[in-house]
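The structure appears below as C-alpha cells.
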Amino acid sequence: MIRIGATPVPHADILNFIKPKLEKEGIELKVTEFTDFVQLNLALNNKDLDANYFQSTPYLETYEKQYGVKFATLVGVHLEPMAVYSKKYKSLSEIPEGSRIALPSYPTTEGRALKVLESTGLIKLREGASLLSTVRDIAENPKKLTFYELEAAQVPLALNDVAAAVINANFALQAGLSPIKDSIAIEPSSSPFVNIVVVRPGDETKPAFQKLKAAITSPEVKKFIEEKYKGGVIPTF
C-alpha cells in the first residue's frame, strides 16, 4: 500500500483516477486529502504518509531549507497556471487607484503571485527579488494598491471583498473558476512551478513507487487532465 496525501483538486482527482490501474498491479493507493500545505510535508516526514502530491520544486526547496529536512522528487506531473481574478472588473486597466488585492501568503506562493502581478505591469518588485518575496519587496506601486495576505485556500472566498485576487489554480478550480476563461491575467508559460510527487529519500527507486510514477505519467492521465481541466491544469510529461 502507498499512503499518499494531496490537495483535493486536481491532485486527489488525478490520484483517484489511477487507483484502479495500480490495483491491477497489486498496489493499493490510499489517498488522503489535505487543505493545509504545511501538514502534507510534516506528515511525510513523520512517516504518516509515504508520498505527497501538491507542491512545486521552488516550494519544496524553500520548505527543506526552512525546516532542515530532505525529500526526494519522484516525478513532475502538471502545471497549474496562477491567475488574477475579479468579480468587479473585466480587465486590469479598470482596477482603480487604492484598490485592495488578495494574495496567498505561503512562502514562494506569495512571491509567485507578486511575480504574476509584476508581469502585468501593476507593480514592480525591487532589484533581485526572488520567489521568497513578500509585499515588502514591492518597489513601485503606481496605483497605490493595498494587499490582503491570506491562507491560499481562503483567497477565492475574498473575491467579493476585493478588487482582484491572485489565486492558485487548484483553489480556483475548486471555486468553479477557470484560469483560461475567468481570469483577467494569467501566469506566463515559462513558470517553474510544475507540481511534483514527493517521497522520502531512497523510496523513489522502489518498485511500488516506480509503478506509481509510470501510472501518473501515462497517456491516459494526460488525456484525463486535458479533457477534465481544459487548460486549467497542463500536463508536463
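Atoms considered below: every heavy atom in the structure, side chains included; atoms not considered: hydrogens, waters and symmetry mates.
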Honestly curious: do Val197 and Val9 fall in one hydrophobic cluster under the side-chain, below-4.5 Å linking rule? yes
Same apolar cluster (I L V M F W Y, side chains within < 4.5 Å links), Ile27/Val75: yes
Is a donor from one side chain sitting under 3.5 angstrom from an acceptor on the other, for Tyr148 and Asp161? no
Contact summary for Pro179 and Leu173, nearest pair of heavy atoms: CD-CD2, 4.1 Å
Do Phe37 and Phe54 have ring centres separated by under 6.0 Å? yes
For Ile18 and Glu220, what are the C-alpha separation, side-chain angles and deciding distance, and is it a side-chain contact (heavy atoms from CB on, under 4.5 Å)? CA-CA 9 Å; Ile18 65 172; Glu220 293 83 5; over 6 Å; no
Rounded to the nearest 0.5 Å, what separation is found between the CG atom of Asn168 and the CD atom of Gln174? 10.0 Å
With a sphere of 6.0 Å drawn around CD of Glu97, does it hold more than 12 non-hydrogen atoms of other residues, nucleotides or ligands? yes
So, Thr62 side chain and Pro58 main chain: donor-acceptor pair closer than 3.5 Å or not? yes
His11 vs Gln55, side chain to side chain donor-acceptor pair (under 3.5 Å): CA-CA, chis, key distance, verdict: CA-CA 10 Å; His11 307 82; Gln55 64 194 317; over 6 Å; no
Does Val198 form a side-chain contact (heavy atoms from CB on, under 4.5 Å) with Tyr53? I'd like the steps, not just the answer. CA-CA 6 Å; Val198 174; Tyr53 175 35; over 6 Å; no
For Thr146 against Gly98, the heavy-atom pair lying closest together: OG1-O, 4.3 Å
Under the rule for salt bridge (charged side-chain N to carboxylate O under 4.0 Å, His left out), what residues qualify as partners of Lys206, not counting sequence neighbours? Asp203
Could you check if a side-chain atom of Phe171 sits within less than 4.5 angstrom of a side-chain atom of Met82, using non-hydrogen atoms only? no
So do the side chains of Phe71 and Leu60 get within less than 4.5 Å of each other, counting heavy atoms only? yes
As a quick check of understanding, evaluate salt bridge (Lys or Arg N to Asp or Glu O under 4.0 Å) for Lys213 and Glu204, giving each step before the final call. CA-CA 9 Å; Lys213 178 179 178 179; Glu204 68 272 24; over 6 Å; no
How about Ile14 and Val221: do any of their side-chain heavy atoms sit closer than 4.5 Å? yes
Side-chain heavy-atom pair Val199, Asp50 within 4.5 angstrom cut-off: no
To the nearest 0.5 Å, what is the distance between CZ (Arg136) and CG (Leu114)? 10.5 Å
For the residue pair Ser91 and Glu94, establish whether any side-chain heavy-atom pair is separated by less than 4.5 Å. yes
May I ask you to decide whether Asp48 forms a salt bridge with Arg3, counting only side-chain N to carboxylate O separations under 4.0 Å? no
Can you name the closest pair of heavy atoms from Pro81 and Gly231 and give their distance? CG-O, 4.1 Å
When you measure from the side chain of Asn16 to the backbone of Ala12, do you find a donor-acceptor pair of N or O atoms at a distance under 3.5 Å? yes
Side-chain donor/acceptor of Asn195 to backbone N/O of Ser56, under 3.5 Å: no
Is the side chain of Glu118 donor-acceptor paired with the backbone N or O of Leu125 at a distance under 3.5 Å, no angle test? yes
Taking all non-hydrogen atoms of both residues into account, name the closest pair between Glu149 and Glu110 and its distance. OE2-OE2, 2.5 Å
For Ala163, does its backbone N or O pair with a side-chain atom of Ser86 as donor and acceptor, under 3.5 Å? yes
With a 4.0 Å cut-off on N to O distance, would you call Lys19 and Glu28 a salt bridge? no
Evaluate Tyr59 against Asn41 for side-chain contact (heavy atoms from CB on, under 4.5 Å), listing each step before the verdict. CA-CA 11 Å; Tyr59 180 93; Asn41 279 334; 3.9 Å; yes
Starting from Leu157, can I reach Leu150 by hopping between I/L/V/M/F/W/Y residues whose side chains sit under 4.5 Å apart? no
Can you check whether Ile2 reaches Leu212 side chain to side chain, under 4.5 Å on heavy atoms? yes
Within a 6.0 Å radius of atom NZ on Lys222, are there more than 12 heavy atoms belonging to other residues, nucleotides or ligands? no
For the pair Ser183 (side chain) and Ile180 (backbone), establish whether a donor and an acceptor sit closer than 3.5 Å, ignoring hydrogens and angles. no
From Ile186, Val84, Leu122, residue fulfilling side chain to side chain contact (heavy atoms under 4.5 Å, CB included) relative to Val116: Val84
Please check if the side chain of Lys144 supplies one atom and the backbone of Asn141 the other of a donor-acceptor pair under 3.5 Å. no
Taking the side chain as C-beta and beyond, is there a heavy-atom pair between Lys211 and Lys21 under 4.5 Å? no
Roughly how far, to the nearest 0.5 Å, is CG of Leu131 from CD of Glu61? 9.5 Å
Taking the six-membered ring of Phe147, is NZ or CZ of Arg100 closer than 6.0 Å to its centre and within 45° of its axis? no
Can you check whether Leu49's main-chain N or O pairs, donor with acceptor, with Arg200's side chain at less than 3.5 Å? yes
Pairwise distance OG(Ser178) to NZ(Lys230) - rounded to 0.5 angstrom: 10.0 Å
Is the backbone of Ile234 close enough, under 3.5 Å, to the side chain of Glu226 for a donor and an acceptor to pair up by distance? no
Atom pair CD1/NE2 of Ile216 and His78 - distance to nearest 0.5 Å: 9.0 Å
Identify the heavy atoms of Tyr85 and Leu177 that sit nearest to each other, and give their distance. CE2-CB, 3.8 Å
Residue pair Leu79, Ser191: steps toward the side-chain contact (heavy atoms from CB on, under 4.5 Å) verdict: CA-CA 8 Å; Leu79 174 68; Ser191 169; 3.8 Å; yes
What distance do Asn52 atom CG and Gln39 atom CD have between them, rounded to the nearest 0.5 Å? 12.0 Å
Are Tyr67 and Leu132 connected, step by step, through hydrophobic side chains (Ile, Leu, Val, Met, Phe, Trp, Tyr) whose heavy atoms are closer than 4.5 Å? no
Looking only at atom types and distance, does a side-chain atom of Asp137 sit under 3.5 Å from a main-chain N or O of Thr134, one as donor and one as acceptor? yes
Please examine the side chains of Glu140 and Arg126, heavy atoms only from C-beta on, and report whether any two atoms are closer than 4.5 Å. no
Compute whether any side-chain donor of one residue and acceptor of the other, for Tyr106 and Glu151, lie under 3.5 angstrom apart. yes
What do you reckon, is NZ of Lys124 surrounded by more than 12 foreign heavy atoms closer than 6.0 Å? no
Could you state whether Leu92 and Val155 fall into the same hydrophobic cluster, counting links through intermediate Ile, Leu, Val, Met, Phe, Trp or Tyr residues with side-chain heavy atoms under 4.5 angstrom apart? no
Non-hydrogen atoms of Thr108 and Phe193 that approach each other most closely: O-CZ, 4.2 Å
